[in-house]
Amino acid sequence: MLSNVFLKSLLDERWAMTWWASGLGLFAAMMIAFFPSIRGNADFNVMLESYPEDLMALFGLTELKDITSAVGFLNAELFGFMGPLLFVIHGVVQGSGAIAGEEGRGTLEILLTEPISRGKLVAQKAAAMVTNSVVLGLVLWAVLVIGALAIDMDVSVAHLAAATFSTVLLGVTFGALAFCAGCFTGKRSTSVAIVSGVAVVTYLLNAASGIVSSMQVAKWLSPFFYYNGANPLANGLHPGHTAVLLATIAILLGAGYLGFTRRDLRL
């Protein structure tokens, strides 16, 4: 098993993934169950109109006009803030623990004594991180589809898949950054600190672009814009935005690969 780092990593994370999937699934089910109580209730839209524009922009809801519709409700309650937050946290936990976590626990040395190259080890660790995020996304999508069908929610199954996939890509993007930082530094705490800072800054840049006209260009620097700027729940995946996130993930994982294979490990 040690020589197959991919399977070992999935096995090591099985209980954590069980809790993540259970918690996320329960949260999504609760959101779906709450929707019938506000569907078609105009009072909620009146309340929405009273919110300051700056506050709406801060939570990525500048385009939200009807919270009583299925798309508006899910964007406000799930895909606007909580969904991406949970996937980013999950990605950072997975990415920072993949290499730096093993190194910090002193188990990386054991892995490297097996007949496996550094390059193969880092590639399988990256694959396991991505796989866990995809599995979590599949759980979210399945719960949303089942819930939407159960309460006759007017939302496309394909668009639910698009929004979920975009959320997974966002989480993997920050997970890849944590992975890359861990490959270069070997320290999980440093990796988490770097990614946390980048996540906060890029989130605020995206929010600021919806508040200050002179900051419009800033959104192009933020993964959060490419995640939901084209509203995939309503419009499906935006090919250009998806390509940017995929390219960013590939670049970060490639950089991590080079950083780890060339670093002088002092185990």
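Along the sequence shown, residues carry numbers from 1. Since the structure is predicted, the reported quantities are computational estimates derived from the model, not experimental observations. For the numbers below, each heavy atom of this structure counts, side chains included, while hydrogens, waters and symmetry mates do not.
A donor-acceptor pair is defined here as one N or O able to donate and one able to accept, closer than 3.5 Å; such a pair exists between the side chain of Arg188 and the backbone of Val93. When atom types are taken as modelled, the side chain of Ser166 and the backbone of Ala162 share no donor-acceptor pair closer than 3.5 angstrom. No donor-acceptor distance shorter than 3.5 angstrom exists from the side chain of Arg263 to the backbone of Phe260, with no hydrogens or angles considered. A donor-acceptor pair is defined here as one N or O able to donate and one able to accept, closer than 3.5 Å; such a pair exists between the side chain of Ser191 and the backbone of Ala178. Thr202 contributes no side-chain N or O that, together with a main-chain N or O of Ser222, makes up a donor-acceptor pair within less than 3.5 Å. Asn235 places a side-chain N or O within donor-acceptor distance of the main-chain N or O of Ala230, the cut-off being under 3.5 Å.
Residues Leu144 and Phe79 meet the side-chain proximity criterion, which asks for heavy atoms closer than 4.5 Å. In this structure, the side chains of Val5 and Ile116 come closer than 4.5 Å at one or more pairs of heavy atoms. Looking only at side-chain heavy atoms (C-beta outward), Asp12 and Met17 stay at 4.5 Å or farther from each other. Looking only at side-chain heavy atoms (C-beta outward), His238 and Tyr226 stay at 4.5 Å or farther from each other. Residues Met153 and Leu74 meet the side-chain proximity criterion, which asks for heavy atoms closer than 4.5 Å. Annotation: side chain of Ile89 is not in contact with side chain of Phe174 (no heavy-atom distance under 4.5 Å). Proximity of Trp141 to Leu160: side-chain heavy atoms (C-beta onward) are separated by under 4.5 Å at one or more points. For the pair Tyr257/Phe179, no side-chain contact is recorded, criterion being any heavy-atom separation below 4.5 Å from C-beta on.
Val143 is not connected to Leu140 by any chain of hydrophobic side-chain contacts under 4.5 Å among Ile, Leu, Val, Met, Phe, Trp and Tyr, and they are in different clusters. No continuous path of ILVMFWY side-chain contacts below 4.5 Å connects Leu78 to Val139, so the two sit in separate hydrophobic clusters. Hydrophobic clustering of Ile, Leu, Val, Met, Phe, Trp and Tyr side chains at less than 4.5 Å, counting indirect connections, unites Val168 with Phe27. Connection of Phe34 to Val145 is established within a shared hydrophobic cluster, with ILVMFWY side chains joined at heavy-atom distances below 4.5 Å, either directly or through further cluster members. Cluster membership check: Trp15 does not share its hydrophobic cluster with Leu7, using side-chain heavy-atom separations under 4.5 Å among Ile, Leu, Val, Met, Phe, Trp and Tyr.
For Lys187 and Glu103, the salt-bridge test fails: no basic side-chain N is under 4.0 Å from an acidic carboxylate O. For Glu13 and Lys8, the salt-bridge test fails: no basic side-chain N is under 4.0 Å from an acidic carboxylate O.
Lys120 and Ser117 make their closest contact through N-OG, 3.1 Å (heavy atoms, listed as atom of the first residue, atom of the second, distance). Across all non-hydrogen atoms, the minimal contact from Thr164 to Gly137 is CG2-O, 3.1 Å. Scanning all heavy atoms of the two residues, the minimum distance from Gly229 to His241 falls at C-CE1, 4.4 Å. Across all non-hydrogen atoms, the minimal contact from Cys180 to Ala255 is SG-CB, 3.8 Å. Of all heavy-atom pairs spanning Lys219 and Gln216, the tightest one is CG-O, 3.0 Å. Ser96 approaches Val92 most closely through the heavy-atom pair OG-O, 2.7 Å.
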Val122 and Cys183: CA distance, side-chain angles, deciding distance, side-chain contact (heavy atoms from CB on, under 4.5 Å) verdict: CA-CA 8 Å; Val122 75; Cys183 285; 3.8 Å; yes

side-chain hydrogen bond (donor to acceptor under 3.5 Å, both in side chains) between Thr261 and Arg118, worked out: CA-CA 6 Å; Thr261 55; Arg118 284 196 195 186; over 6 Å; no

Val172/Phe87 under side-chain contact (heavy atoms from CB on, under 4.5 Å): CA gap, chis, key distance, verdict: CA-CA 8 Å; Val172 174; Phe87 272 83; over 6 Å; no

Verdict with reasoning, Met129 to Leu253, per side-chain contact (heavy atoms from CB on, under 4.5 Å): CA-CA 11 Å; Met129 177 193 72; Leu253 292 180; 4.0 Å; yes

Residues Asn132, Gln94; criterion side-chain hydrogen bond (donor to acceptor under 3.5 Å, both in side chains); working and verdict: CA-CA 8 Å; Asn132 281 331; Gln94 291 282 311; 2.8 Å; yes

Leu169 vs Phe165, side-chain contact (heavy atoms from CB on, under 4.5 Å): CA-CA, chis, key distance, verdict: CA-CA 6 Å; Leu169 285 183; Phe165 181 64; 3.6 Å; yes

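Note that CG of Leu121 is 6.5 Å distant from CG of Leu108, once rounded to the nearest 0.5 Å. To the nearest 0.5 angstrom, Tyr227 atom OH is 7.0 Å from Leu170 atom CG. Taken from CG in Leu136 to CG in Leu86, the straight-line distance is 8.5 Å, to the nearest 0.5 Å. Atom CD of Glu77 and atom CD1 of Ile32 lie 11.0 Å apart (nearest 0.5 Å). Atom CD1 of Ile151 and atom CZ of Arg39 lie 5.5 Å apart (nearest 0.5 Å). Between the CG atom in Leu177 and the CD1 atom in Ile249 there is a gap of 11.0 Å [rounded to 0.5 Å].
Counting non-hydrogen atoms of other residues, nucleotides and ligands closer than 6.0 Å to CZ of Arg262 gives a total of 12 or fewer. Atom CH2 of Trp20 sits in a crowded spot, with more than 12 heavy atoms from other residues, nucleotides or ligands closer than 6.0 Å.
Note: Phe35 and Phe73 have tilted aromatic rings, judged against thresholds of 30 and 60 degrees for the angle between ring planes.
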